[in-house]
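Data block below; observations after.
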Amino acid sequence: MAEVTLRDVARAAGCSVATVSRVLAGTRPVGAETARAVRVAADQLGYRPNEVARALRSRSTGTVGLVLPQITNPFFPSLVRELEHALHAAGRAVLLADCDDDPATEATRIAALLDRRVDALLLIPVDERRSRDAVAAAAARVPLVLLDRGCGPGVADSVAVDNAAGMALVLDHLAATGRRRPCFVGAAGTASAAVERHAAYAAGAAALDPAAPRRTVLGDFSVEWGRAAVDRIWPARPDAVVCANDLIAAGALQRLRQLGADVPGEVAVTGFDDVPLAGLADPALTTVRQPVPELAAEAARLLAHRPAAAPIPGPRRPVRTVRLAPELVVRGSSAPAAGASDPHPTP
């Protein structure tokens, strides 16, 4: 079938092409009867606007580029889903790019999205330091919001969970349930979430045991590292394994069970993020829940209020940093040690 044009709709509605354009675009007021006739004709003919032509006229594609470190991390698909819903409600489509945890690939993906004339960018940067140049250059061209991780002060608007508050919730819970010899299994590198969670553990764990901040091993955000880390820490017999995300915690749980450790009687295990596998682990995993719908909604709001970047060296508006409150979800992996009870359990 031939494509239905504005001229076809105008002929069916008995008015000019300009009138049809004004009605369908909503750019100027048109009489109610004429507007109704145009919409009826458009519906009957099955008219669909030519988005390419519209983009050329408006210099706006209605698309947002979304760059992720690695889509296989189960935290990210739930965030992508909420972002797509929030942006769709604002009349925007999403172009997704995965950079496989590589800053060079990340820079290439950002450049490719800019070449496709996206109106804005959402990024979860691979690395706070090595991602910074590409992110700053992109933020000078289009509205840009960082999610979950940062790239240092002053680079771009950002929204993330309060990692320090989340780790404080974990440590308070462990203290209330009688744990006194925690250790931390985290991720090396300079991804801001990894750095912030490690720093928060080091700052708060000394209240349980002055030696606790030194009981730290760093690898990456993976199940495999969680398993390997247990072989390094278990000879010291910690009574709590505090993990920087749920993937690490799932691997730690698996390896502890293989070694015959009693979880949670002998050792508690906690995670961070509350991805779906946390509730399916055996025992189910105590973790810090990120407010994913709120993260997506706030990112969409920040984009909507960030105007197109000013031409260099024109002035830029100050960047905004939003931190959202986390929630501790207490499950079976951290039941109280003998003789202790958590005064604030989470169902």
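- Partners of Asp8 under the side chain to side chain donor-acceptor pair (under 3.5 Å) rule, at least two apart in sequence or in another chain, are Thr5, Arg11.
- In terms of the side chain to side chain contact (heavy atoms under 4.5 Å, CB included) criterion, residue partners of Ala212 (sequence neighbours excluded) are, by chain and number, Pro182, Tyr201, Ala205, Asp209, Arg215.
- Residue pairs meeting the side chain to side chain donor-acceptor pair (under 3.5 Å) criterion with at least one member in residues 235-249, sequence neighbours excluded, are Asp246-Thr287.
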Under the salt bridge (Lys or Arg N to Asp or Glu O under 4.0 Å) rule, what do Asp274 and Arg331 come out as? Steps first, then yes or no, please. CA-CA 11 Å; Asp274 197 30; Arg331 299 190 178 104; 3.0 Å; yes

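- With sequence neighbours left out, Arg109 forms a side chain to side chain donor-acceptor pair (under 3.5 Å) with no residue at all.
- Between atom OG of residue Ser16 and atom CZ of residue Arg7 there is a gap of 10.5 Å, rounded to the nearest 0.5 Å.
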Yes or no on side chain to side chain contact (heavy atoms under 4.5 Å, CB included) for Val269 and Leu285, after CA distance, side-chain angles and deciding distance? CA-CA 7 Å; Val269 178; Leu285 183 64; 4.0 Å; yes

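- Taking CG of Leu302 as the start and CG of Leu146 as the end, the distance is 10.5 Å to the nearest 0.5 Å.
- Residues Thr63 and Arg116 have side chains not in contact (no heavy-atom distance under 4.5 Å, counting atoms from C-beta outward).
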Take Val23 and Arg39, measure what side chain to side chain contact (heavy atoms under 4.5 Å, CB included) needs, and give me the verdict at the end. CA-CA 8 Å; Val23 171; Arg39 293 192 179 95; 4.0 Å; yes

In sequence, state the C-alpha distance, the side-chain angles, and the governing distance for Gln258 and Val230, and then conclude on side chain to side chain contact (heavy atoms under 4.5 Å, CB included). CA-CA 11 Å; Gln258 289 172 347; Val230 165; over 6 Å; no

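- Every residue was checked against the side chain to side chain contact (heavy atoms under 4.5 Å, CB included) condition with Ala297, not counting sequence neighbours, and none meets it.
- In the hydrophobic clustering of ILVMFWY residues, with side-chain heavy atoms under 4.5 Å counting as a link, Val155 and Val67 come out together.
- Checking side-chain atoms of His305 against main-chain N and O of Arg301 turns up a donor-acceptor pair under 3.5 Å.
- Of the possible donor and acceptor atoms, none in the side chain of Arg320 sits under 3.5 Å from a partner among the backbone N and O of Asp157.
- Legend: residues meeting side chain to side chain donor-acceptor pair (under 3.5 Å) with Thr105, ordered by chain and number and at least two apart, are Asp102.
- Screening residues 244-297 for ring-ring contact (aromatic ring centres under 6.0 Å, His included), with sequence neighbours left out, gives no hits.
- With a 4.5 Å cut-off on side-chain heavy atoms, Arg323 and Ser158 count as touching.
- The side-chain heavy atoms of Asp119 and Val64, taken from C-beta on, include no pair separated by under 4.5 Å.
- At distances below 3.5 Å, at least one donor-acceptor pair connects side-chain atoms of Ser333 with backbone N or O atoms of Thr286.
- The side chain to side chain contact (heavy atoms under 4.5 Å, CB included) test applied to Asp231 returns Arg255, Leu259, not counting sequence neighbours.
- Asp162 meets the salt bridge (Lys or Arg N to Asp or Glu O under 4.0 Å) test with no other residue; sequence neighbours excluded.
- A search for side chain to side chain contact (heavy atoms under 4.5 Å, CB included) contacts involving Ala229 returns Val185, Val217, Trp225, not counting sequence neighbours.
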Start with the C-alpha gap between Ser222 and Leu247, add the side-chain angles, then the distance that decides, and say whether side chain to side chain contact (heavy atoms under 4.5 Å, CB included) holds. CA-CA 5 Å; Ser222 70; Leu247 291 178; 5.6 Å; no

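- Residues Leu253 and Pro283 form a side-chain contact, since some pair of their non-hydrogen atoms from C-beta on lies under 4.5 Å apart.
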Side-chain donor-acceptor pairs of residues 93-101 under 3.5 Å, sequence neighbours excluded:
from, atom 1, to, atom 2, distance (Å)
Asp98, OD1, Asp100, N, 2.8
Asp98, OD2, Ile71, N, 2.8
Asp100, OD1, Gln70, NE2, 3.0

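- Note that SG of Cys151 is 8.0 Å distant from CG of Leu123, once rounded to the nearest 0.5 Å.
- Residues Arg257 and Asp282 meet the side-chain proximity criterion, which asks for heavy atoms closer than 4.5 Å.
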If you look only at distance, which donor and acceptor atoms sit under 3.5 Å apart when one is on a side chain in residues 73-87 and the other is two or more places apart or in another chain?
from, atom 1, to, atom 2, distance (Å)
Asn73, OD1, Phe75, N, 3.0
Ser78, OG, Phe75, O, 2.9

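- Between Cys15 and Val38, the closest side-chain pair of non-hydrogen atoms falls below 4.5 Å.
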